[in-house]
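Sequence lines set the chain letters: A, B, ... in the order given, protein chains first and strands last, and positions in each chain run from 1.
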2 protein chains.
Amino acid sequence: MTEQSAPTTAAGGSTARGEQTRQLILDTAMRLFRERGYARTTMRAVAQEAGVAVGNAYYYFDSKEHLVQEFYAGTQREHREAAAPVLARERDFAPRLAGVLHAGIDVLSPYHAFAGAFFKTAAEPTSPLSPFSAESSAPRDMSIALFREALTGSTAKLDAELREALPELLWLGYMGVVLYWVHDRSDGQVKTRQLIDGVVPLVDRLVGLSRLRVLRPVTRQALALIHTLRH
Amino acid sequence: MTEQSAPTTAAGGSTARGEQTRQLILDTAMRLFRERGYARTTMRAVAQEAGVAVGNAYYYFDSKEHLVQEFYAGTQREHREAAAPVLARERDFAPRLAGVLHAGIDVLSPYHAFAGAFFKTAAEPTSPLSPFSAESSAPRDMSIALFREALTGSTAKLDAELREALPELLWLGYMGVVLYWVHDRSDGQVKTRQLIDGVVPLVDRLVGLSRLRVLRPVTRQALALIHTLRH
DNA sequence: CCCTTGATTTGAACACGTTCAAGAAAGGCG
DNA sequence: CGCCTTTCTTGAACGTGTTCAAATCAAGGG
């Protein structure tokens, strides 16, 4: 509805007058989120620390939650970069998948304390911040592409139809891992690392087994279900 | 911290003085949630419609979100009742599981419009309302018990260790179904019903296959992982 | 140089969730 | 009945996210 109020987000080389102000506010907000957490960071504090009026922050960002969406888009890029080395090095599916998953958690780590607040808004279906929403389709597709690359760049052999559908399933699994990570209270979120290291061999094994005669019907049935649900 | 302010929630036959006031406020809130949705229902409106002061609502409920927790506990009971007939009638695992899942969605149906707000708070790990939190362990355990009954009351044959761990996994899957349902925009949430009807035969099939020689290692590996993560 | 137009910036004002000091009502006890 | 303690009830006040009419600034055009 009120979408055209702020300058284009995606414009790369734009040098509009307020661009630095926008960046200043964003940087300040991210710093305060890290330092104090999401809930204890007030918009007034962000404005004050950035040296602008509170209304000015709302000129560039529709809401406090939209500040978080910028963070979301940012980690997407970082995730890709962090995963690149492993994807360049490894050829087997398992280490490639593990690399991508670990890279994702690596990137998120500094924000573990306030990631709860982030996922809180993400869970709301009506919110444009939901990872399933249409508004989030760009970063989501980029993330899915990352998992597709982990798969297609590997030596894994699998059914063509499964190869098509798997990246999205892997992304869904990644969302599950992140959800686990958000709730992970262990030191340095070690448990999440264990989850990744434990689940990757399983997935790898199942993908390999999916071509077996006994499992073929199950695979087809599952793929048919996904197809049905997609529309 | 401020836990002892309100009268016992779980007390069944308690006839404390304010019990009717408490119920009045709760009923009013639930009605307004259904009518206007969660966000557009203000605490002032709840208080006014219930004919009490706003502070009085906070005497019985620690926060607006805690009103939702009551709803959570309530649906738990209804779920059990709604699933009872199917569990009494069917003996095969698949229809029993399908029955329990459909019953859960049946009970939730009237609240689909504001269920998003419910899951929003549920996703926050620090919130006592999270289905994974210690505070929610009572309703969670009841829900898991329901899935355990669906399994143990059936004729399904399976590995002892898997039989032990499966109910919790089924509950986790149920959480996934509910998450899908929350995001389900199809008419009458038909898609969710299709998801249930499609996924149940798959689970049933996999449970049966889990005793096969080829799958035995995978099963054990998965169970070991779960055991590791549990502590 | 002044005027116009649009982009930016301001801070007071609003609505909401929540808190709290103060009071009212209900028992219990002599 | 009078007094005390506990339970309940009140509504003003606080802090927060958000809005908005007005002020300021930048850049051209005349």
Side-chain angles (χ1 to χ4, degrees), chain A residues 1-9 11 14-26 28-29 32-33 36-69 114 117-118 120-121 124 127-129, chain B residues 1-9 11 14-26 28-29 32-33 36-69 114 117-118 120-121 124 127-129:
Chain A
M1 304 221 172
T2 60
E3 266 313 299
Q4 295 314 82
S5 58
T8 17
T9 289
S14 131
T15 11
R17 252 203 297 152
E19 196 55 35
Q20 351 177 16
T21 308
R22 181 192 157 86
Q23 199 58 46
L24 175 63
I25 292 169
L26 185 54
T28 307
L32 293 184
F33 283 166
R36 319 180 180 178
Y38 179 78
R40 277 192 305 243
T41 300
T42 70
M43 290 301 279
R44 283 168 181 81
V46 171
Q48 187 175 351
E49 293 257 325
V52 300
V54 61
N56 202 8
Y58 280 93
Y59 178 75
Y60 290 103
F61 302 94
D62 287 344
S63 73
K64 187 179 177 185
E65 293 193 349
H66 275 76
L67 281 167
V68 175
Q69 194 167 37
F114 90 92
F118 168 58
K120 177 173 177 162
T121 71
E124 176 135 57
S127 160
L129 277 73
Chain B
M1 302 221 172
T2 60
E3 265 313 296
Q4 296 314 83
S5 59
T8 19
T9 290
S14 131
T15 10
R17 253 202 296 149
E19 197 56 34
Q20 355 176 13
T21 309
R22 181 193 158 85
Q23 199 58 47
L24 175 63
I25 292 169
L26 185 54
T28 307
L32 292 185
F33 284 165
R36 320 179 179 178
Y38 180 78
R40 278 193 304 247
T41 300
T42 71
M43 290 300 279
R44 284 168 179 80
V46 171
Q48 187 175 351
E49 292 258 324
V52 301
V54 62
N56 202 8
Y58 281 92
Y59 178 76
Y60 291 103
F61 303 94
D62 287 345
S63 72
K64 187 180 177 184
E65 294 192 348
H66 275 76
L67 281 166
V68 176
Q69 194 167 38
F114 92 91
F118 167 59
K120 176 171 176 164
T121 71
E124 176 135 57
S127 160
L129 277 73

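- A heavy atom closer than 4.0 Å to some atom of DNA chain C occurs in B/T41, B/T42, B/M43, B/R44, these being the qualifying members of residues 41-50 of chain B.
- At least one side-chain nitrogen or oxygen of A/N56 sits closer than 4.0 Å to the OP1 or OP2 atom of C/dT10.
- Here D/dT9 presents its P atom at 9 Å from CD of B/Q20, a figure rounded to the nearest Å.
- In this structure, OH on B/Y38 lies 7.5 Å from CG on B/L67, to the nearest 0.5 angstrom.
- As judged by a 4.0 angstrom heavy-atom cut-off over every strand, B/V52 is placed among residues touching the sugar-phosphate backbone only.
- Distance NZ (A/K64) to C1' (D/dT19): 17 Å, rounded to an integer number of Å.
- Of the side-chain N and O atoms in A/Y59, one or more sit less than 4.0 angstrom from OP1 or OP2 of C/dT8.
- Between the B/T41 side chain and the B/R36 main chain, no donor and acceptor come within less than 3.5 Å of each other.
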Anything under 3.5 Å between a protein N or O and an N or O of nucleotides 24-27 of chain C, put it in a table, one pair a line.
residue	atom	partner	partner atom	Å
C/dA26	O4'	B/R17	NH1	3.3

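- Of the candidate nucleotides C/dG11, C/dT19, D/dT10, D/dT10 has the atom lying nearest to any side-chain atom of B/A53.
- Remark: A/K64 fails to qualify as a cation-pi partner of A/F33 under the 6.0 Å distance and 45° angle criteria applied to the six-membered ring.
- Proximity of A/M43 to A/Y58: side-chain heavy atoms (C-beta onward) are separated by under 4.5 Å at one or more points.
- Listed pair A/Y58 / D/dC20 fails the phosphate criterion, with no side-chain N or O lying under 4.0 Å from OP1 or OP2.
- Between B/F114 and B/R40, the closest side-chain pair of non-hydrogen atoms is not below 4.5 Å.
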